[in-house]
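Chain letters run A, B, ... following the sequence lines, proteins first, then strands; residues in each count from 1. All values below come from the heavy atoms of this structure, side chains included, with hydrogens, waters and symmetry mates left out. This structure is a prediction, so every number in the text was calculated from the model and none was measured.
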There are 2 protein chains.
Amino acid sequence: MHNQAAIDELITTLGQRVSQSKSDLELHGRSETHFPDAPPEAVIYPESTEEVAQILRTCHAHRCPVVGWGTGTSLEGHALALKGGVTVDFSRMNKVLDIRADDMDVRVQPGVTREALNHELRATGLFFPVDPGANASLGGMASTRASGTTSVRYGTMRDHVLALEVVTASGQIMRTGSRARKTSAGYDLTGLFVGSEGTLGLITELTLRLHGQPEAISAAICGFDTVEAAVGTTMDAIQMGLAMARIELLDEASVRAVNAYAGSNIPVKPHLLLEFHGSDTMVRETSELFGELAEARGGSGFDWASKPEDRSALWAMRHNAFYAILGLMPGATSMVTDVCVPISRLAETIEETQRDFAAHDVTGPILGHVGDGNFHAILLMHPDDSAARARAHDAAHRLVERALDKGGTATGEHGIGMGKLRYMEREHGHGWAVMGQIKQALDPLGIMNPGKMVPPSNL
Amino acid sequence: MHNQAAIDELITTLGQRVSQSKSDLELHGRSETHFPDAPPEAVIYPESTEEVAQILRTCHAHRCPVVGWGTGTSLEGHALALKGGVTVDFSRMNKVLDIRADDMDVRVQPGVTREALNHELRATGLFFPVDPGANASLGGMASTRASGTTSVRYGTMRDHVLALEVVTASGQIMRTGSRARKTSAGYDLTGLFVGSEGTLGLITELTLRLHGQPEAISAAICGFDTVEAAVGTTMDAIQMGLAMARIELLDEASVRAVNAYAGSNIPVKPHLLLEFHGSDTMVRETSELFGELAEARGGSGFDWASKPEDRSALWAMRHNAFYAILGLMPGATSMVTDVCVPISRLAETIEETQRDFAAHDVTGPILGHVGDGNFHAILLMHPDDSAARARAHDAAHRLVERALDKGGTATGEHGIGMGKLRYMEREHGHGWAVMGQIKQALDPLGIMNPGKMVPPSNL
């Protein structure tokens with residue numbers, strides 16, 4: 001417990017907002033997925049940037065590890081305290097500070113969740129579109145460069161963070177970016193901190209881009225005989241410039257799971273779920289054009305839902321797909337994979353993966369943000385079946401290798417955390433060493449989320 | 001000439017492609033604008049990435065400064081060889097390597113210009129939208145994070161560079177990013193090199209996003225009584241989600257210049273020049289909606305041009321505005337400013353600037369990419385009128401301070417180079433020191449474009 005000196009010092013200043021209770025440590029030592037628990041030695045609940053700076057100055061002086069914590073919904077064990085130390089929980093820094101409707105931007109503290117933000121925005125005619133599924137904190141979403149179902153239209157967190165306030169490893173408060181929509185003023189520090197997973201500093205404030213709520217929204221579902229036809233239709237639509245707000249793929253196994261879960265009767269074949277945003281005219285035109293493209297590739301059962309309740313049912317189906325898939329194997333645990341490839345290689349990557357799973361007796365329905373070339377397989381296994389667990393891990397490994405072979409990336413949106421560290425060298429080559437140099441420059445003592453992101457020599 | 005040892009070594013391997021001719025040195029020692037000449041000691045014309053790596057390994061061993069050179073169209077003296085050394089001219093690395101229409105991306109060498117790329121793309125149905133005006137090289141555009149008239153719709157270079165090949169200061173070849181449309185795999189090195197102005201390494205290859213050529217294009221011009229009304233209409237249109245491909249402002253003085261240059265008869269008041277891209281229906285609908293918004297703010301003379309020749313005339317007017325403005329004062333030299341502010345502060349920033357110019361006897365028509373909050377004043381002065389030159393410099397300085405006061409940035413798209421270095425500390429605070437730490441980590445000998453971008457201790 002050589003970090004106790006730092007913790008004791010923090011207790012003298014922050015008092016009860018430094019917790020060493022067993023339940024707090026356990027809660028912050030767990031991840032949503034299959035990684036072993038790794039609790040911190042204390043959990044701290046700061047209420048201001050100045051307090052975060054104080055925490056980091058103290059930890060820096062004592063070389064005590066620091067891990068940031070949003071809502072704990074990471075799927076790759078980002079916030080596990082591998083080397084102990086303190087976890088900084090941002091749940092009390094959860095204020096929407098300033099909504100600027102004229103500029104369509106908002107300033108928030110990092111503990112605000114995306115749903116809370118959209119709730120605050122509901123009367124403004126504006127919304128924040130990035131939707132990773134979980135009701136994650138915006139600080140966490142920035143730290144992992146999250147995206148989700150709407151990125152095909154609106155972009156990822158990278159595209160939505162205009163400016164940050166960050167506390168550096170040594171406890172200095174820094175502002176990056178500005179409220180200007182574009183800039184050529186120096187290195188893109190905002191972009192560097194977005195996706196840095198708490199390894200360079202802690203985000204204490206974000207300025208985010210907003211969008212106008214669309215005048216009209218229309219959703220649809222359409223079945224295809226093959227994944228290739230579904231992906232091909234998606235490519236056709238993107239090349240025509242059709243503005244799709246969402247375009248999601250469910251493979252046969254996912255459809256089967258959804259039917260069983262919801263009692264629905266969707267034909268068991270690959271399906272696209274779509275959403276269009278725009279004016280009435282545009283939404284109508286776009287949906288008609290999409291329908292023609294789908295038909296040309298054998299799409300069937302093309303069904304539009306422009307009423308809010310029908311749309312909600314459709315997206316509830318998509319959002320519940322994870323639970324529906326879990327329901328395929330009662331008592332199972334899951335492993336969620338996440339790769340992204342050039343869209344021209346997407347159909348073959350999915351089809352090869354399906355064949356691989358079948359050949360190795362792995363249950364893994366596939367669903368994805370097909371417009372981005374990003375997909376997930378949800379691998380199921382009984383917790384005490386170590387052979388099945390090994391088969392799933394091997395299949396997930398082959399999936400990442402396959403994505404890299406196709407010119408893709410080991411993670412489209414879930415981040416590196418614990419699960420993808422082993423692929424960094426292959427994906428980035430010398431670039432991984434350069435990431436280590438940056439880490440070394442900005443966190444020379446290695447106290448920020450240690451054990452993650454960079455090469456072992458810089459961890 | 002302590003760099004001659006490095007140059008001699010490079011001559012033994014690259015022969016005649018290392019030039020020390022007077023004309024070559026002079027040509028590469030000049031900028032487009034008012035900065036004093038600063039020629040390199042040699043100009044090198046590599047033909048491959050491996051040659052660039054060789055140049056950097058040699059220069060690194062001899063601590064010889066290295067400056068990258070695209071087409072020399074920078075407006076801020078980025079490529080001036082302040083400390084001598086060698087300039088690497090990429091004009092022989094000008095191949096379009098691989099057009100991948102299915103993925104809507106392209107791999108190019110850095111010496112390809114944006115016009116050359118679009119020429120190569122003309123049969124594919126695709127185009128590269130970023131248009132800074134000059135026919136700049138794509139490597140240079142990435143290095144300065146360029147943008148221009150179409151960024152309101154398509155984004156800046158930051159949004160278009162998917163992947164890079166870079167040679168580091170020590171001569172290692174590195175690939176950043178991938179062809180996947182999104183990724184959460186580690187620090188955004190691609191984003192770090194975009195806009196780094198050759199101070200961290202040299203870009204030897206780029207993978208760029210492309211877009212489908214729009215089915216229909218329509219352009220328009222519309223006059224307003226005040227800058228505020230023109231900007232207000234722009235804000236209304238953005239908030240309604242109208243997809244404008246271009247929306248450019250000309251102030252009264254710019255209109256007067258254009259009229260004199262082209263013999264046209266446009267009413268002397270602020271004007272917006274617009275372009276819409278989309279389907280026939282969408283373009284028609286969007287233009288009608290925009291017309292209504294403009295009318296509500298007193299817009300007049302709203303005139304649509306959907307025929308290509310009318311559109312060309314309109315955009316020729318915009319593209320020639322610089323020369324038209326120069327024509328206001330025969331024999332004058334110019335100073336082009338470039339700031340970007342939150343759009344809610346744009347009208348007041350422009351109006352205060354106009355009043356400031358008038359009060360200080362400065363001639364400086366204003367035009368801008370109003371949808372981004374980005375504008376330029378073109379300050380005119382007779383070359384031998386040192387008092388006028390001082391007034392212009394002072395006014396340009398106040399303009400940057402004003403933009404920073406409004407929450408903006410010292411440069412929206414032209415970059416730091418020589419002209420904006422003095423504002424880095426005010427704009428970035430501690431962030432500027434962090435940029436210096438990154439520079440120190442990636443270029444510890446300080447050979448990459450020395451004298452630029454980072455604090456003096458890291459220059």
Toward chain B, the part of Met235(A) with a non-hydrogen atom under 4.5 Å: side chain
Which atoms of Arg100(A) approach chain B - backbone, side chain, both or neither, heavy atom under 4.5 Å: neither
Which of Gly412(B), Gly278(B), Ser279(B), Pro214(B) touches chain A most, by non-hydrogen pairs under 4.5 Å: Gly412(B)
Asn449(A) (side chain) donor-acceptor with Gly198(A) (main chain) under 3.5 angstrom: no
Closest non-hydrogen atom pair, Pro132(A) against Met141(A): CD-CE, 3.7 Å
Proximity breakdown for Gln437(A) and chain B, heavy-atom pairs closer than 4.5 Å: both
Leading residue by heavy atom contact count with chain B [cutoff under 4.5 Å; candidates Gly191(A), Gly429(A), Cys340(A)]: Cys340(A)
Met435(A) versus chain B, the contacting section by heavy-atom distance below 4.5 Å: both
Any donor-acceptor N/O pair, Arg145(B) side chain to Gly186(A) backbone, under 3.5 Å: yes
N-O pairing of Lys406(A) and Glu348(A) below 4.0 Å: yes
Arg181(B) side-chain N/O to Asp103(B) backbone N/O, donor-acceptor pair under 3.5 Å: yes
Residue among Arg179(B), His369(B), His211(B) with most heavy-atom pairs under 4.5 Å to chain A: Arg179(B)
Main-chain N/O of Gly408(B) paired with Arg345(B) side-chain donor or acceptor, under 3.5 Å: no
Residue among Gly241(B), Ser147(B), Ala243(B), Gly371(B) with most heavy-atom pairs under 4.5 Å to chain A: Ser147(B)
Option that, when pairs with chain A are counted at under 4.5 Å, heavy atom only, ranks first among Thr281(B), Thr176(B), Val341(B): Thr281(B)
His414(B), part contacting chain A, at a heavy-atom distance under 4.5 Å: backbone
Option in Gly195(B), Pro342(B), Ala441(B), Gly212(B) with maximal non-hydrogen atom pairs under 4.5 Å from chain A: Pro342(B)
Greatest number of heavy atom pairs closer than 4.5 Å to chain B - which of Met157(A), His428(A), Glu285(A): Glu285(A)
Heavy-atom proximity to chain B below 4.5 Å, by part of Thr190(A): neither
Part of Ile416(B) lying under 4.5 Å from any heavy atom of chain A: both
Pairs of heavy atoms under 4.5 Å with chain B: top-ranked of Met424(A), Met174(A), Met240(A): Met174(A)
Atom of Leu210(A), atom of Leu126(A) and distance for their closest heavy-atom approach: CD1-CD1, 4.0 Å
Pairs of heavy atoms under 4.5 Å with chain B: top-ranked of Leu162(A), Thr199(A), Leu189(A): Leu189(A)
Pick from Ala146(A), Ser344(A), Ser151(A), Ala185(A) with the largest number of heavy-atom pairs that fall under 4.5 Å of chain B: Ala185(A)
Pairing residues for Asp280(A) by the side-chain contact (heavy atoms from CB on, under 4.5 Å) criterion, not counting sequence neighbours: Glu215(A), Ala216(A), Arg284(A)
Closest approach of Phe193(A) to Leu442(A) (non-hydrogen atoms, all atoms of both residues): CZ-CD2, 4.1 Å
Where Thr144(A) and Ser184(B) come nearest, the two heavy atoms and their spacing: O-OG, 3.0 Å
Side chain, backbone, both or neither of Glu413(A) within contact of chain B (heavy atoms, under 4.5 Å): both
Most chain B-contacting option - heavy-atom pairs closer than 4.5 Å, from Thr183(A), Val166(A), Asp102(A): Thr183(A)
Heavy-atom contact with chain B under 4.5 Å, split by part of Lys182(A): both
Spacing of Leu192(A) atom CG and Leu164(A) atom CG [to the nearest 0.5 Å]: 10.0 Å
Side chain, backbone, both or neither of Asp372(A) within contact of chain B (heavy atoms, under 4.5 Å): both
Part of Gln239(B) within contact of chain A (heavy atom distance under 4.5 Å): both
Contact class of Ala101(B) relative to chain A, heavy atoms under 4.5 angstrom: backbone
Which atoms of Ile238(B) approach chain A - backbone, side chain, both or neither, heavy atom under 4.5 Å: both
Flag, side chain of Ser196(B) to backbone of Leu200(B), donor-acceptor distance under 3.5 Å: no
Side chain His376(B), main chain Thr337(B), donor-acceptor under 3.5 Å: yes
Portion of Ile343(A) that has a non-hydrogen atom of chain B nearer than 4.5 angstrom: both
More than 12 heavy atoms from other groups under 6.0 Å of CD on Glu228(A): no
Contact origin within Asp188(B) toward chain A - heavy atom pairs under 4.5 Å: both
Short N-O contact, Arg426(B) and Asp405(B), less than 4.0 angstrom: yes
Toward chain B, the part of Arg175(A) with a non-hydrogen atom under 4.5 Å: backbone
